[in-house]
Amino acid sequence: MKVGVIMPASVVDAGDYLANARALDAAGAEMIGVDGDPEQQWLVLAAIAAVTDRVKLRAPSDRHLQLLDRLSRGRALADEPAGERWVPIPLPADRASWAAALHDCDQAGAAGVVVSWDERLIDLLRNPEPEDRSDLLMSTG
């Protein structure tokens, strides 16, 4: 299941913000968008384009799409990829809920889910399945 992330428009610490975008890219996020004012979105997406290699960048419109596409080396789009249905979901509380939400959306025919940024996302993307704790159980026989 593909995962898109909506980053906040406010940037308190640019280094930390862009490091999070890089981490999402490395962890396997399929797409990053930015909320807030469209003009601010363009600036933030351009910065994200400079520090990422693989993740698609969801632009607020077609207005500056060609420029963002050049900056991102062909990774800009103004909507979800053609022919794909993406479902917005709230970030689940834990890994088991995350796995269940991805499974449910997959079963419903969605190509991807879209969630708002949270620091837990990087771990969830890297380790989407609930931990199997059976190896920690000790037999008493």
Side-chain angles (χ1 to χ4, degrees), residues 1-140:
M1 176 64 52
K2 298 175 187 178
V3 176
V5 180
I6 303 299
M7 299 289 288
S10 61
V11 177
V12 176
D13 179 328
D16 188 45
Y17 189 97
L18 295 174
N20 287 331
R22 269 194 310 269
L24 287 169
D25 186 40
E30 181 71 18
M31 184 169 45
I32 294 177
V34 178
D35 68 6
D37 174 67
E39 289 303 314
Q40 188 172 0
Q41 289 179 43
W42 287 112
L43 294 172
V44 174
L45 285 167
I48 292 171
V51 300
T52 57
D53 297 313
R54 186 199 53 75
V55 70
K56 292 177 180 69
L57 303 173
R58 185 174 179 188
S61 69
D62 289 334
R63 185 170 171 212
H64 302 291
L65 193 61
Q66 287 182 333
L67 176 58
L68 183 62
D69 201 49
R70 282 193 305 259
L71 291 172
S72 67
R73 297 163 308 280
R75 296 178 288 128
L77 23 109
D79 206 351
E80 284 93 16
E84 295 184 2
R85 185 172 64 91
W86 288 62
V87 178
I89 63 169
L91 184 66
D94 55 36
R95 191 169 281 120
S97 300
W98 174 252
L102 295 180
H103 175 75
D104 291 347
C105 289
D106 184 46
Q107 292 300 304
V113 297
V114 179
V115 295
S116 294
W117 163 250
D118 185 285
E119 290 180 2
R120 297 176 295 150
L121 270 172
I122 295 167
D123 182 50
L124 290 172
L125 287 167
R126 289 182 180 150
N127 306 294
E129 297 298 321
E131 291 183 32
D132 179 9
R133 308 296 281 188
S134 63
D135 60 333
L136 299 178
L137 298 176
M138 301 179 77
S139 65
T140 58

Looking at side-chain heavy atoms only, is the closest gap between Trp117 and Asp35 below 4.5 Å?
no
Checking Arg58 side chain against Ile6 main chain: does a donor-acceptor pair fall under 3.5 Å?
no
Give a yes or no on whether the backbone of Asp94 and the side-chain of Arg120 come within a donor-acceptor separation of less than 3.5 Å.
no
Do Trp86 and Cys105 make a side-chain contact, defined as non-hydrogen atoms from C-beta onward lying under 4.5 Å apart?
no
Is there a side-chain contact (heavy atoms from CB on, under 4.5 Å) between Trp42 and Asp37? Walk through the geometry before answering.
CA-CA 9 Å; Trp42 287 112; Asp37 174 67; over 6 Å; no
Give me the atom names and distance for the closest heavy-atom approach of Ala93 to Ser97.
N-CB, 4.2 Å
The reported gap from CG in Leu65 to CG in Leu77 (rounded to nearest 0.5 angstrom) is 7.5 Å
Check whether Arg54 reaches the backbone of Ala29 with its side chain - one donor and one acceptor, N or O, closer than 3.5 Å.
yes
Residues Thr52 and Ala21: closest non-hydrogen pair is CG2-O, 3.8 Å
Can you check whether Leu71's main-chain N or O pairs, donor with acceptor, with Arg73's side chain at less than 3.5 Å?
yes
For side-chain contact (heavy atoms from CB on, under 4.5 Å), just list the numbers for Leu121 and Val115, CA-CA rounded to whole Å, side-chain angles, deciding distance to a tenth of an Å, and then say yes or no.
CA-CA 9 Å; Leu121 270 172; Val115 295; 3.6 Å; yes
Distance from Ser61 atom OG to Asp79 atom CG, nearest 0.5 Å?
11.0 Å
Which atoms form the tightest heavy-atom contact between Gly15 and Asp13, and what is the distance?
N-OD1, 2.9 Å
Show, in sequence, the C-alpha distance, side-chain angles and deciding distance for Met7 and Leu24, and conclude whether the side-chain contact (heavy atoms from CB on, under 4.5 Å) test is met.
CA-CA 11 Å; Met7 299 289 288; Leu24 287 169; 3.7 Å; yes
Nearest heavy-atom pair of Arg126 and Ala27: which atoms, and what distance?
CG-CB, 3.7 Å
Tell me, do Arg95 and Asn127 make a side-chain contact under 4.5 Å, heavy atoms counted?
yes
Which heavy atom in Arg85 sits nearest to a heavy atom in Gly109, and how many Å separate them?
NH2-C, 3.6 Å
Would a distance-only check, ignoring hydrogens and angles, find a side-chain to backbone donor-acceptor pair under 3.5 Å from Glu30 to Lys56?
no
Short side-chain to backbone donor-acceptor contact, Asp25 and Asp53, under 3.5 Å:
yes
Would you say Arg75's side chain and Val55's backbone share a donor-acceptor pair under 3.5 angstrom?
yes
Within the distance-only criterion (no hydrogens, no angle test), does the side chain of Gln40 pair as donor or acceptor with the backbone N or O of Ala9 below 3.5 angstrom?
yes
Donor-acceptor check, side chain of Tyr17 to backbone of Ser10, threshold 3.5 angstrom: yes or no?
no
For the residue pair Ala110 and Val87, what are the closest heavy atoms and their distance?
CB-CG2, 3.5 Å
Stepwise, does the side-chain contact (heavy atoms from CB on, under 4.5 Å) test hold for Val114 with Ile89?
CA-CA 6 Å; Val114 179; Ile89 63 169; over 6 Å; no
A side-chain contact here means heavy atoms from C-beta on lying under 4.5 Å apart; do Val11 and Leu18 qualify?
no
With heavy-atom distances below 4.5 Å as the criterion, would you say the side chains of Leu91 and Trp98 are in contact?
yes
Heavy-atom side-chain contact between Pro60 and Leu45 under 4.5 Å
yes
I need the Arg22 CZ to Ile122 CD1 distance, nearest 0.5 Å.
11.0 Å
